[in-house]
There are 2 protein chains.
Amino acid sequence: MLTQNHYTKRITLADVARVSGFSISSVSLVLNEAPLSRYVAASTKEHIRAVASKLGYRPDAAARSLRSRRSHTIGIMVSDISDPFCTLILQGIEKALHPTTYLPIIMIAHNQRKQFGRHLEMMMERRVEGLILVANWLFGEFDQLADFRKSQIPMVGVGRDLTASRVRSLQVDNEAGGYAAARHLYDLGHRKIAVLRGPSELADSDRRWNGIQRFASEVGLPLASKRVGQLPAADDPTSGFEGGYRLISAMIEQGVEFTAVIAFDDLTGLGAIRALRQTGRYVPEDCSVIGFDDVPHAAVNTPGLTTIRQPMEEMGSLAAKWVLDSLADTKPSHTATETSSLSGTLHLLPPELVIRQSTTRRLIDIRTAPVTRLGVAAQGRSRRKKE
Amino acid sequence: MLTQNHYTKRITLADVARVSGFSISSVSLVLNEAPLSRYVAASTKEHIRAVASKLGYRPDAAARSLRSRRSHTIGIMVSDISDPFCTLILQGIEKALHPTTYLPIIMIAHNQRKQFGRHLEMMMERRVEGLILVANWLFGEFDQLADFRKSQIPMVGVGRDLTASRVRSLQVDNEAGGYAAARHLYDLGHRKIAVLRGPSELADSDRRWNGIQRFASEVGLPLASKRVGQLPAADDPTSGFEGGYRLISAMIEQGVEFTAVIAFDDLTGLGAIRALRQTGRYVPEDCSVIGFDDVPHAAVNTPGLTTIRQPMEEMGSLAAKWVLDSLADTKPSHTATETSSLSGTLHLLPPELVIRQSTTRRLIDIRTAPVTRLGVAAQGRSRRKKE
DNA sequence: TTGTAAGCGTTATCAG
DNA sequence: CTGATAACGCTTACAA
């Protein structure tokens, strides 16, 4: 009344109290359905609620969290929102957080160091109660992470191994994925397999490669170095398309022979397909291609891209559950059994081979293979004449 | 000191004041670089700042916004985070907001009414100062929108026409897009053009169709109804792939002839390609396909999908600028020249034809057409023999 | 130049 | 069962 506000008059608890004729505290109790509101007369409750909604009362989040010292928010730092990999993880996080009282505060770093730092800073200021780091590509160490650690705020990383920054992390088992990819192609009869490794500064790249090598050595399959390419360093996850295209084009130009390609990720695989197609080769008839990730692109391509699937949504949900669990555990007064013992942990989830149409038996065997092996949506029915 | 907090002792202004030996207000002035801090001795400033950073002081966002009555946040409601369409708009918004002091608060509705409402509610409670609605698919009217209007909080919708809910909106010119698509195919010599319309409950669907019809009637091109299909209602934007696949499969099965397809969106176009391929037809040799949107899928498909591009990032930035402008205009005391006069406005941005490899001259003309017309990355060099 | 003090809208403790 | 009242951490007149 005194400080008559210009335009946006906000409805506060005091207003509801005044209009309803009850005290602020009663109103607060009722509207929050606090335990003590049990003793409030039903008629009173009803009246208060009616007034509140008639007035359009909405609690002020800032005041509430100032007083209660709880923000009820969980910070989600996403390195790149245009990458479907991150996006799907986000979806999983969202779903897990939805039934809780926690609100995800999403911030986007656009793969830029400065933004990471700035946003971590804001998350601290907003007093997030937990932090999930969704990283698809590079992710360095930041001062703020140390502060988060000190504040005992539960943190978990998804997508990348952030244990070096002492952040508990969640990731697909890249080694197993590489192994599965190699095995799939080998089982289809391929022996000359080209491998497109990821950029060297990505740890995943090595892990997948290790898996491939492990399988190869188990079955005695040689991996000629002329058939192994490596994507250049890049700070953009979609650069794989271009990279795959270039590497395969180069191999073809140099006369390197291969009947199958293991690509670092789906985009790289699609780039490979483009290169093959442009030189008159068809996938999968002339060459099989397998990707990694199973981003949406893979399924809608023709031919559908066979790939090693990362359970992205599941990863997101699991990460969210971890922080929720930590949050629940945090109540016990003494520091419990050292939650920090988990901080160095890296948890691996199993990948899954998704067979679509981009991989098939070596051509020489193809006539004898049952058509149904190619799957429902196989596009190979009217096979191109061999010239 | 009194309420010795168990674990998370927060550093407050009072702490900095005590340690530095100055008063809370001085510390506040200095750390905020407030106008009045001009009169503070340089040495004092330095000292205060040093203490603050040594102590690891971080202002409490809740307290700050409670006191200042400003949240410095802009709410972004995204209908579906897994849709690249939304994601790219988001990117644009982010970029425009980044240089400002406003923090985007992103909420994801997963295309579910209930979530929309719930999240709008939370945005009100968090006292967002502006609201951007990023909708790719359906978006109904919500009670909360009325409240936002009442609170004079600037709102803008991107992607869908929300003027029915009296929200100023920003959208691509769908009619022009449809027109351009039809024209492109016509110019390539196509006369039997199949059209896959979007779901009837999407207004965009009609607009694009109107554009197509307008062009057709201008050049006297008949659009036989047997060549026109319509996607079924669906609440998932990726359903277009399936839909396009089905519609084209059906047309083929019924012996309908066509040499080109205008798809409602890119996913629908990719579905069409899948159907064509599965019946032994190649794109673009046997049939051209044009999409709409230019989501990332379009570029990495082989053949690259020709499409009508929506300037999604630009749309996002523009939307953000609009709310920032409204925010700036809001200062003048008297209600200015009715900002609300804009509330019914629908702003259209021009689409852009992006020619890739999925469209080409009608086969009969193809031998005479210069190869360069197909673009740099044309995959048609080793053309399949006609059987 | 620096300090004092009055709130911002809630919640929670403690009397009545 | 209901009502004062004291914080929560910060900003900002106004005093000194």
Side-chain angles (χ1 to χ4, degrees), chain A residues 1-6 8-18 20-48 52 55-72 101 124-127, chain B residues 1-6 8-18 20-48 51-52 55-72 124-127:
Chain A
M1 270 299 184
L2 314 172
T3 5
Q4 188 63 274
N5 217 301
H6 350 276
T8 314
K9 173 63 182 148
R10 276 179 192 165
I11 312 294
T12 73
L13 269 188
D15 296 316
V16 179
R18 192 167 26 75
S20 69
F22 288 89
S23 75
I24 292 186
S25 28
S26 300
V27 174
S28 174
L29 288 183
V30 170
L31 295 182
N32 288 318
E33 306 187 32
L36 283 94
S37 70
R38 266 176 311 166
Y39 308 121
V40 177
S43 61
T44 308
K45 287 188 191 173
E46 225 167 301
H47 181 220
I48 288 178
L55 259 44
Y57 168 75
R58 282 200 183 77
D60 183 296
R64 193 195 283 249
S65 71
L66 173 58
R67 175 61 235 227
S68 63
R69 304 177 66 77
R70 312 232 314 86
S71 68
H72 279 283
T101 62
M124 288 248 58
E125 295 185 1
R126 302 222 156 221
R127 306 292 191 261
Chain B
M1 271 297 182
L2 315 171
T3 6
Q4 189 61 279
N5 219 299
H6 351 276
T8 314
K9 174 61 184 153
R10 276 179 193 165
I11 313 294
T12 72
L13 269 189
D15 296 316
V16 180
R18 192 168 24 77
S20 69
F22 287 91
S23 76
I24 291 186
S25 47
S26 300
V27 174
S28 173
L29 289 183
V30 170
L31 294 183
N32 288 319
E33 305 185 33
L36 284 98
S37 69
R38 267 175 311 168
Y39 308 120
V40 177
S43 60
T44 307
K45 286 188 190 173
E46 226 167 300
H47 181 219
I48 287 179
V51 171
L55 258 45
Y57 168 75
R58 282 198 181 78
D60 182 294
R64 191 195 284 246
S65 71
L66 174 58
R67 176 60 235 226
S68 63
R69 303 176 66 76
R70 311 235 312 91
S71 67
H72 279 284
M124 288 248 58
E125 295 185 2
R126 304 223 153 218
R127 305 295 191 261

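The shown structure was predicted, so the numbers you read here are calculated from the model rather than taken from an experiment.
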Q: Measure the CZ-CD1 distance between B/Phe22 and B/Ile48 for me, rounded to the nearest 0.5 Å.
A: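 These two atoms lie 5.5 Å from each other.
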Q: Write down the distance between CZ (A/Arg58) and C1' (C/dC8), rounded to a whole number of angstrom.
A: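 After rounding, the reported distance stands at 19 Å.
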Q: On DNA chain D, does the nearest nucleotide to B/Ala63 precede the nearest nucleotide to A/Ser23 from the 5' side, or the other way round? Give the residue.
A: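 The residue mapped nearer the 5' terminus is A/Ser23.
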Q: Closest approach to the side chain of B/Tyr39, judged atom by atom: which nucleotide of C/dC8, C/dT1, D/dA4 is it?
A: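 Nearest to the side-chain atoms of B/Tyr39, counting from C-beta on, is C/dT1.
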Q: With sugar-phosphate meaning primed atoms plus P, OP1 and OP2, does A/Arg127 contact a base, only sugar-phosphate, or nothing at under 4.0 Å between heavy atoms?
A: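 It contacts nothing in the nucleic acid.
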Q: If I take atom CG in residue B/Asp15 and atom C1' in nucleotide D/dC8, what distance separates them, rounded to the nearest angstrom?
A: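 Rounded to the whole Å, the gap is 13 Å.
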Q: For the helix from C/dT1-D/dA16 to C/dG16-D/dC1, how many degrees between its two end axes (five pairs per end), to the nearest 10°?
A: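 The helix from C/dT1-D/dA16 to C/dG16-D/dC1 shows an end-to-end axis angle of 40°.
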Q: I need the minimum non-hydrogen distance between A/Ile11 and A/Tyr57, along with the two atoms involved.
A: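 In terms of heavy atoms, the two residues are closest at O-CD1, 3.4 Å.
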Q: CG/B/Asp60 to OG1/B/Thr12 distance, rounded to the nearest 0.5 angstrom?
A: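 Rounded to the nearest 0.5 Å, the CG-OG1 separation comes out at 9.5 Å.
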Q: Scan the side chains in residues 23-32 of chain A for donor-acceptor partners under 3.5 Å anywhere in the protein, sequence neighbours excluded, and list what turns up.
A:
from    : atom 1 : to      : atom 2 : distance (Å)
A/Ser23 : OG     : A/Ser25 : OG     : 3.2
A/Ser23 : OG     : A/Ser26 : N      : 3.3
A/Ser23 : OG     : A/Ser26 : OG     : 3.2
A/Ser28 : OG     : A/Asn32 : ND2    : 3.3
A/Asn32 : ND2    : A/Ser28 : O      : 3.1

Q: Can you find a side chain N or O atom of B/Thr44 that sits less than 4.0 Å from OP1 or OP2 on C/dT2?
A: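 Yes, because at least one side-chain N or O of B/Thr44 sits under 4.0 Å from OP1 or OP2 of C/dT2.
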Q: Determine: side-chain N/O of A/Arg69 to OP1/OP2 of D/dG9, distance under 4.0 Å, yes or no.
A: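 Result: yes.
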Q: Show each protein N/O and nucleotides 11-15 of chain D N/O combination with a separation under 3.5 Å, one pair to a line.
A:
from   : atom 1 : to      : atom 2 : distance (Å)
D/dT11 : OP1    : B/Asn32 : ND2    : 3.3
D/dT11 : OP2    : B/Ser28 : OG     : 3.0
D/dT11 : OP2    : B/Asn32 : ND2    : 3.2
D/dT11 : O2     : B/Arg67 : NH1    : 2.5

Q: Using whole Å, report how far NZ of B/Lys45 lies from P of C/dT1.
A: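 Rounded to the whole Å, the gap is 10 Å.
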Q: How close or far is atom C1' of C/dG16 from atom CZ of A/Phe22, stated in whole angstroms?
A: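 Roughly 17 Å, once rounded to whole Å.
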Q: Taking only residues two or more places apart in sequence, or in another chain, which ones meet A/Arg126 in a salt bridge (Lys or Arg N to Asp or Glu O under 4.0 Å)?
A: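 Listed in chain order: nothing, the list is empty.
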Q: Could you list the residues that satisfy ring pair (Phe, Tyr, Trp, His ring centres under 6.0 Å) with B/His47, not counting sequence neighbours?
A: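 Ring pair (Phe, Tyr, Trp, His ring centres under 6.0 Å) check on B/His47 returns nothing, list empty.
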Q: Distance check needed: C/dT10 C1' versus A/Glu33 CD, whole Å only.
A: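 Answer to the nearest Å: 17 Å.
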Q: Rounding to an integer number of Å, can you tell me how far A/Leu66 CG sits from C/dG7 C1'?
A: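 Distance check: A/Leu66 CG to C/dG7 C1' gives 12 Å.
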Q: Please give me the minimum heavy-atom distance between A/Leu66 and B/Leu66, naming the atom from each residue.
A: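 Taking every non-hydrogen atom into account, CD2-CD2, 3.3 Å.
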Q: With sequence neighbours excluded, what pairs up with A/Ser65 under the side-chain contact (heavy atoms from CB on, under 4.5 Å) test?
A: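 Result, side-chain contact (heavy atoms from CB on, under 4.5 Å) vs A/Ser65: B/Ala62.
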Q: Starting at atom CD1 of A/Ile11, determine the distance to atom P of C/dT10, rounded to an integer number of angstrom.
A: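 Interatomic distance, CD1 of A/Ile11 to P of C/dT10: 10 Å.
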Q: Could you pull out the closest heavy-atom pair between A/Ser71 and A/Arg127, with the gap in Å?
A: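 Smallest heavy-atom distance, with atoms named: OG-O, 2.6 Å.
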